[in-house]
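The next block holds one structure in the form of structure tokens; read it before the comments.
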Amino acid sequence: MGLTPRITFEIDAGYNPWTFSDNRKFKFWMIQPEIRHWFRNRFEGHFLGVHLLYADFNVGGMKFLGMSDRRYQGALYGAGVAYGYRWPLGKNWSVEATAALGYLRSDYDRYVWKKCGRHLGRGHKNYFGPTKVGVSFGFTIR
């Protein structure tokens, strides 16, 4: 959404409701609003962005994530700075590439991975690194 000739607002969101056999879970929802400053006109060329991120998760029993015998349930929140570029493909269509770095904190409860598993305690993790990487096709409603 355009706010001024050089400032835009965007919201990325995600939802994954998957529960697999044997109570393996990879469930989350997330939201990532971002304010962008475009160097020329909005939706054209280079931009810098600042974003926030919030997610709730319930993940466990997933060997590829190193959680084969644990389940983690909690929240993730943080902020980051993004750089990107948008290429026009016509009047309304475009391709956009973006990458961002930032800080995230996760507060979670840890459980034994099985149905109604025993609570093992609380924990937290801090992370600094990529918070967004993507290539997308876009359609602009003018």
query: Partners of His37 by ring pair (Phe, Tyr, Trp, His ring centres under 6.0 Å), sequence neighbours excluded?
result: Phe39
Side-chain heavy atoms of Arg36 within contact of Glu34, under 4.5 Å: yes
field: Interatomic spacing from OH in Tyr85 to CD in Glu44 - rounded to 0.5 Å
entry: 9.0 Å
- prompt: Can you tell me how far the CD atom of Glu10 sits from the CG atom of Asp12, to the nearest 0.5 Å?
  reply: 4.5 Å
- prompt: What distance separates Leu53 CG from Lys132 NZ, expressed to the nearest 0.5 Å?
  reply: 9.5 Å
query: Does Val112 sit in a hydrophobic cluster with other residues, and if so which ones, taking ILVMFWY side chains as linked at heavy-atom separations under 4.5 Å, directly or through other members?
result: Leu120
Asp107 side chain vs Leu76 backbone, donor-acceptor pair below 3.5 Å: no
query: Does the side chain of Met30 reach to within under 4.5 Å of the side chain of Phe28, using non-hydrogen atoms?
result: yes
- request: Determine whether Tyr127 and Val133 fall in the same hydrophobic cluster, where Ile, Leu, Val, Met, Phe, Trp and Tyr are linked whenever their side-chain heavy atoms lie under 4.5 Å apart.
  value: no
query: Just checking, is any N or O donor in the side chain of Thr8 or Arg42 under 3.5 Å from an acceptor N or O on the other one?
result: no
- request: Evaluate whether atom CZ of Arg105 has more than 12 neighbouring non-hydrogen atoms of other residues, nucleotides or ligands under 6.0 angstrom away.
  value: yes
message: Quick check on Phe137: does its CZ atom have over 12 non-hydrogen neighbours (other residues, nucleotides or ligands) under 6.0 Å away?
response: no
Minimal non-hydrogen separation, Ala82 against His51, with atom names: CB-ND1, 4.3 Å
- request: Heavy atoms only: give me the nearest Pro130-Leu101 pair and the separation to one decimal.
  value: N-CD2, 3.7 Å
field: Beyond-backbone contact of Thr131 with Tyr103, side-chain heavy atoms, under 4.5 angstrom
entry: no
- prompt: Roughly how far apart are Arg86 CZ and His46 NE2, rounded to 0.5 Å?
  reply: 14.5 Å
- line: Excluding Ile7, membership of its hydrophobic cluster (Ile, Leu, Val, Met, Phe, Trp, Tyr; side-chain heavy atoms within less than 4.5 Å) reads Met1, Leu3, Phe9, Ile11, Tyr15, Trp29, Ile31, Ile35, Tyr54, Tyr77
- request: Report yes or no: does Thr98 contribute a side-chain atom to a donor-acceptor pair with the main-chain N or O of Tyr83 at less than 3.5 Å?
  value: yes
message: Taking the cut-offs as 6.0 angstrom to the six-membered ring centre and 45 degrees off its axis, would you call Arg110 and Tyr72 a cation-pi pair?
response: no
- line: Closest non-hydrogen atoms of Ala79 and Leu52, given as atom of the first, atom of the second and distance, are CB-CD2, 3.9 Å
field: Any side-chain heavy-atom pair of Arg6 and Phe47 under 4.5 Å
entry: no
Side chain to side chain contact (heavy atoms under 4.5 Å, CB included) between Arg118 and Tyr111, worked out: CA-CA 6 Å; Arg118 179 174 42 97; Tyr111 299 88; over 6 Å; no
Heavy-atom side-chain contact between Asn58 and Arg71 under 4.5 Å: yes
statement: Heavy-atom nearest pair, Ser106 first then Phe57, reads OG-CZ, 3.4 Å
